[in-house]
Amino acid sequence: MPPSPLTPHASLTSSFEFFPPNTDEGAEKLAVTARELALLKPKFFSVTYGAGGSTQARTLKAVLDLRAAGHDAAPHISCVGSTRAGLRDFLQQYKESGIKHLVALRGDLPSGTASAGEFHYANELVAFIRKEFGSHFVIEVAAYPEYHPQAKSAQDDLNNFKRKVDAGADSAITQYFYNADCYYHFIEQCEKMGIAIPVVPGIMPIGRFSQLARFSDACGAEIPRWIRKKLEGYGDDTDSIRAFGLDVVTKLCEDLLKAGAPGLHFYTMNQSALTTAIWKRLGL
Ligand code: FAD
């Protein structure tokens, strides 16, 4: 589908996401991965945050390690299961560590419910950060071009996305997808609703099919049938899965950028090879 309403952006926002390592070996490996990916000159790295604050200390440490190595790093922070006082203290720690950029999320409790704690939705977290810390932090939020799995309806999800923007989000990163049309449609809907912040597509390189299928089932990201069938057909042939995945994901990125996407956010899984290969193929 020709993405006509969008125009190419002059300066791209690229970012690479990591999860916080839980061993010293993982931390050393992440430092190497970050060095390799830094060669691609991303705008920032981001580090995820475990459900209910389960990785709070590790996320903080990973972000501080990345910053000490000279990289710009933004922690993710989720609010479900948290108290205002707890989050205020933690955000204050980030502020005092010189961190000015956050990815603010609701998160998911292991039970799948969002009822515990003093926050229920990410818009409340964004409003809280703005109230307590003014404009100190640049705030990214999540967006779902295929809609969030718990959304009552597509329009309801868009309305809820707008709540986060109205609460003070500066930009958004999407859940990953392999069908660019959902992104174009989402952007059109946002424009109609007067949402003007950049919405950067989240990109998941394809490395292992079983892992991708598990993630996708959990987060509601669709693997189009033709891609699923091809990947299933390769069985344990990792080289073929990666080669096919590189073709598919590079083409997706190319189409998105041509259509005017403001940048790309890669879910790296703490690996540099696939992200670097896609980046080089894109000639960025
Ligand atoms: P919300 O924006 O609060 O939306 C959640 C659901 O509630 C949606 O269905 C929405 O339609 C609905 N909703 C929103 N606001 C309201 C309202 N006011 N009233 C009624 N309904 C409402 N998870 C982690 O645990 N750690 C991470 O580090 C992490 N990083 C992520 C990074 C990105 C880029 C993305 C896309 C997701 C990430 N997630 C992470 C997953 C995320 O936490 C889950 O998708 C979670 O289920 C929703 O979080 P949210 O911030 O989008 O929630």
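For ligands, and for the atoms within them, numbers begin at 1 and follow the listed sequence.
Applying side-chain contact (heavy atoms from CB on, under 4.5 Å) to Phe16 and the options Leu37, Leu264, Thr33 leaves one that passes, Leu37.
Between Asp157 and Lys152 there is no salt bridge, since none of the side-chain N atoms of the basic residue sits less than 4.0 Å from a carboxylate O of the acidic one.
A 4.5 Å side-chain heavy-atom check between Glu222 and Tyr178 finds every atom pair outside the cut-off.
At a heavy-atom cutoff of 4.0 Å, ligand 1 is surrounded by Thr48, Tyr49, His76, Leu105, Arg106, Gly107, Asp108, Tyr121, Ala122, Asn123, Ala142, Tyr144, His148, Gln150, Ala151, Asp157, Asn160, Arg163, Lys164, Ile173, Thr174, Gln175, Tyr267.
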Tabulate below the donor-acceptor pairs under 3.5 Å that side-chain atoms of residues 229-237 make, not counting sequence neighbours, or state none.
unit_1, atom_1, unit_2, atom_2, d
Asp237, OD1, Asp239, N, 3.4
Asp237, OD1, Ser240, N, 3.1
Asp237, OD1, Ser240, OG, 3.3
Asp237, OD2, Ser240, OG, 2.5

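Within the structure, ring-ring contact (aromatic ring centres under 6.0 Å, His included) contacts touching residues 50-70 (residues at least two apart or in different chains) do not occur. For residues 53-79, the ring-ring contact (aromatic ring centres under 6.0 Å, His included) pairs, not counting sequence neighbours, are Phe45-His71.
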